[in-house]
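The sequence lines fix the lettering, A, B, ..., with proteins before strands; numbering per chain opens at 1. Side chains included, hydrogens not; waters and symmetry mates left out as well; all remaining heavy atoms used.
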Amino acid sequence: MAKRSIVPFGPQHPVLPEPVHLDLVLEDETVVGAIPSIGFIHRGLEKLVEKRDFKQYVYIAERVCGICSCGHGMGYCESVEHVMGIEVPKRAKYLRTIWMEMSRVHSHLLWLGLLADAMGFESLFMESWKLREKILDMFDATTGGRVIFSVNCVGGVLKDMDSAMLAAIARTVDDMEADMTPLFQTFLKDYTVQSRLKGLGVLPRDQAILQGAVGPMLRASGEEYDVRMLGYAAYSDLDVAPVTATAGDSYARCEVRLKEILQSFRLIREAIGKIPGGDISVPVKGNPNGEYFMRIEQPRGEAIYYVKANGTKNLDRFRLRTPTTSNIPPMVELLKGCQLADVPLIILTIDPCISCTER
Amino acid sequence: MGKLSKSPWLLHYDASSCNGCDIEVLDCLTPRYDVERFGVINTGDPFQADILLITGGVNSQTAPVVKQLYSQMPEPKVVLAVGICACTGGVFKECYNIRGGIDTVIPVDIYVPGCAARPEAIIDGVVKAVKLLDEKKEKIRAQKGREEQPGGTYGSEK
Amino acid sequence: MDQKNEIREITRDVFFATVIRMKMELWRLVQICAVRVEGGYDMSYSFCRNYEMVTLRLHVKEDEEISSITQVYPCAFLQENEAAELFGVKIRNLTVDYRSKLYRIDQETPFKEKG
């Protein structure tokens with residue numbers, strides 16, 4: 001039998017900008033087990049609901065994570081609105097959807113860049129991040145912020161877009177779609193990328209369900225599950241369908257994310273075409289009382305927001321189950337049996353967001 | 001002829017940031033902002049770094065890591081705190097697992113506020129850090145002229 | 001599609017059997033959440049199948065021990081460890097038991113007391 005050894009991975013590792021630690025149990029070069037240990041970015045944000053009132057807490061929820069910021073704000077607001085029975089104006093719902101889909105494009109492009117960087121494909125990394133700047137410019141023009149832009153509030157949104165702005169977004173989306181084509185070709189057709197990703201970290205469908213995978217990770221294994229189908233925000237009016245792949249390997253996960261970018265472009269255009277006029281928020285009176293589980297589809301997968309209120313301005317409990325929390329157990333499964341050199345790439349293909357996970 | 005500045009190498013560490021500042025720091029290295037114009041490159045090795053760039057407030061988990069990274073860097077070194085959390089603790093200040101800004105653990109030279117700090121502000125901070133690095137180097141050189149021994153420059157912590 | 005979202009109160013004696021049945025019926029474990037209530041905790045275990053969501057709500061007294069569901073759903077280990085560390089819920093037979101060293105925070109069970 002080969003000799004067992006334990007190799008620490010992280011907390012500071014070049015492939016991830018965030019600190020996470022894994023103890024890898026090795027037999028020669030093969031990984032036989034992995035024990036994750038987190039806690040480097042734990043801040044205790046869920047506890048802050050006791051100190052901030054439910055309207056102020058939106059800003060804290062948005063700072064759970066800088067990449068998924070828009071989604072967290074929206075998920076929190078929608079769950080509080082459900083508890084209070086507030087009907088948000090249609091225009092606000094459409095605006096939320098447009099910003100949310102733009103966030104998805106920005107998050108996926110960021111991930112594609114990091115993936116290229118992990119493979120050592122430096123020019124592809126630069127190319128992806130160059131494209132991403134266009135989306136950040138649109139965030140800047142519409143909200144004034146680049147990554148954390150605080151547009152959601154309980155009862156609607158804080159900023160409106162005029163028709164010239166909406167047309168500008170539609171134009172940018174068209175431009176980006178044209179610019180995406182070479183990127184698409186390289187990620188899906190390039191020999192180097194294929195040889196690095198194909199057959200690496202295969203997650204079969206039954207394992208994905210048993211281990212509780214979510215988002216692109218689950219859809220790449222062939223399960224059609226996308227929470228946007230539930231029709232929160234304006235998704236009920238739009239033509240959404242889960243993007244799936246069947247192979248379940250790293251290449252399939254990359255493919256799903258690439259196709260989701262195209263789907264988001266289509267959704268943004270559709271929402272801009274259908275957006276109604278009217279108010280962007282309704283006044284909120286009184287305090288929430290009750291509880292609700294809200295599910296929304298973040299770029300990384302399904303996130304669950306639980307709100308329990310007791311009729312005062314402070315909530316009793318706010319719980320956020322982020323996509324990465326659910327994706328860590330399947331990732332640990334995937335690592336068993338892989339080669340040590342493949343570990344960084346497999347960890348990256350789940351698109352880990354550690355500051356979300358630890359809150 | 002004027003003296004040339006050194007091309008400083010930068011070490012980035014995420015103490016307990018929300019990622020917002022981190023992706024902006026990475027953004028500075030990519031085509032749009034490109035801090036490599038100033039000779040700055042991002043390194044993963046504290047032994048070769050001149051500037052320590054930290055995002056996020058400090059908690060009990062990351063405090064020893066930050067201290068260790070700082071002590072491993074050779075003199076002269078500059079510490080740059082990016083984002084309001086790294087400066088004071090920011091919105092997370094009242095959380096049970098946040099100690100406060102980076103200056104509760106190590107001395108900070110330059111503060112870059114903002115939530116998230118914009119790339120322009122980060123570049124401004126880095127350019128200031130380059131200048132400060134030159135000044136610190138000059139000071140060490142002057143000291144070296146006075147004394148025979150330059151004193152521990154490696155792994156020294158003041 | 002409406003958000004199908006049901007909360008079922010459940011007692012301790014049928015809890016484990018229900019969880020096993022959920023697994024046989026191919027429900028996916030999506031979420032475990034602890035809430036501090038007077039004299040104990042409310043543990044909520046949420047499951048999804050297709051787009052349906054069911055939450056099992058178990059009331060636990062403060063000094064009562066519950067057994068872990070990691071034997072049935074191995075992926076529960078992170079969230080159960082979290083509930084044990086932050087709330088002080090006593091969970092028995094965790095498959096990967098971090099023994100309150102998941103987040104390694106200074107303060108013990110910060111969510112146990114209000115304020």
Side-chain angles (χ1 to χ4, degrees), chain A residues 35-44 46-47 50-51 78 82 206-214 218 223-232 235-236 291-296 302-306 308 314 316-322 324-330 332-333 357-359, chain C residues 1-7 23 25-38 41-42 44 46-55 57 70 72-79 81-83 85-87 95-98 100-107 109-115:
Chain A
I35 302 160
S37 66
I38 55 177
F40 292 93
I41 330 183
H42 181 67
R43 290 151 288 179
E46 289 175 355
K47 184 84 176 162
E50 291 162 14
K51 290 183 180 150
E78 293 235 345
H82 259 282
D206 52 340
Q207 270 293 316
I209 294 173
L210 177 68
Q211 295 289 344
V214 294
L218 180 64
E223 174 81 356
E224 286 191 18
Y225 182 75
D226 187 328
V227 190
R228 284 180 289 176
M229 297 288 282
L230 290 171
Y232 60 92
Y235 290 112
S236 50
E291 59 176 341
Y292 194 71
F293 280 101
M294 177 82 205
R295 284 179 279 172
I296 76 162
E302 168 202 59
I304 296 182
Y305 302 80
Y306 172 66
K308 188 175 182 219
N314 295 100
D316 232 13
R317 173 95 164 102
F318 168 64
R319 155 106 174 123
L320 168 53
R321 201 279 289 143
T322 58
T324 309
T325 315
S326 280
N327 277 337
I328 285 179
V332 171
E333 277 313 299
T357 313
E358 303 182 8
R359 302 175 303 280
Chain C
M1 213 183 291
D2 195 32
Q3 290 230 7
K4 285 186 205 109
N5 195 330
E6 186 193 339
I7 298 176
K23 187 181 171 178
E25 293 171 7
L26 292 177
W27 289 78
R28 205 160 52 85
L29 175 78
V30 292
Q31 189 268 136
I32 298 171
C33 166
V35 179
R36 184 84 171 120
V37 289
E38 206 149 309
Y41 309 94
D42 269 345
S44 306
S46 304
F47 300 86
C48 273
R49 191 172 65 180
N50 297 328
Y51 291 99
E52 246 175 284
M53 180 163 161
V54 168
T55 302
R57 169 78 38 94
T70 46
V72 191
Y73 282 97
C75 58
F77 76 97
L78 267 184
Q79 300 184 58
N81 270 301
E82 185 185 297
E85 180 166 4
L86 298 184
F87 285 83
T95 311
V96 184
D97 196 345
Y98 285 83
S100 298
K101 289 282 180 287
L102 177 67
Y103 287 127
R104 294 173 300 245
I105 44 179
D106 292 339
Q107 197 183 340
T109 59
F111 283 81
K112 201 169 180 177
E113 300 304 326
K114 287 266 168 215

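- In terms of the salt bridge (charged side-chain N to carboxylate O under 4.0 Å, His left out) criterion, A:Glu358 has no residue partners (sequence neighbours excluded).
- Here CZ of A:Arg317 is found 11.0 Å from CG of C:Asp42. Values are rounded to the nearest 0.5 Å.
- Both the backbone and the side chain of A:Glu46 come within contact range of chain C, judged by heavy atoms closer than 4.5 Å.
- For the atom pair OG (C:Ser44) and CD1 (A:Ile304), the distance works out to 11.0 Å, reported to the nearest 0.5 Å.
- Pairing each heavy atom of A:Ile209 with each of C:Arg28, the nearest pair is O-CG, 3.3 Å.
- Among A:Pro36, A:Ala208, A:Ala213, the residue making the largest number of heavy-atom pairs under 4.5 Å with chain C is A:Pro36.
- Minimum interatomic distance between A:Arg321 and C:Val30 (heavy atoms only, all atoms of both residues): NE-O, 2.6 Å.
- Summarising the geometry, atom CZ belonging to C:Arg57 is positioned 4.5 Å from atom CD belonging to A:Glu291; distances are rounded to the nearest 0.5 Å.
- For chain A, the nearby part of C:Leu78 is the side chain; its heavy atoms alone come within less than 4.5 Å.
- Note that CE of C:Met53 is 10.5 Å distant from CE of A:Met294, once rounded to the nearest 0.5 Å.
- Qualifying side-chain contact (heavy atoms from CB on, under 4.5 Å) partners for A:Asn314, counting only residues two or more places apart in sequence or in other chains: A:Thr312.
- The heavy-atom pair separating C:Pro74 from A:Gln211 by the smallest distance is CG-NE2, 4.2 Å.
- Contact annotation for A:Thr325: both backbone and side-chain heavy atoms come within less than 4.5 Å of a heavy atom of chain C.
- Contact annotation for A:Leu320: neither backbone nor side-chain heavy atoms come within less than 4.5 Å of a heavy atom of chain C.
- Between C:Tyr51 and A:Tyr225 the shortest heavy-atom distance is OH-CA, 3.6 Å.
- Atom CG of A:Leu210 sits about 5.0 Å away from atom NZ of C:Lys23, to the nearest 0.5 Å.
- Remark: C:Phe77 CZ to A:Ile35 CD1 distance equals 9.5 Å, nearest 0.5 Å.
- Taking a cutoff of 4.0 Å between a charged side-chain nitrogen and a carboxylate oxygen, A:Arg319 and C:Glu82 qualify as a salt bridge.
- Residue contact with chain A, scored on non-hydrogen atoms closer than 4.5 Å, involves the side chain of C:Ile7 exclusively.
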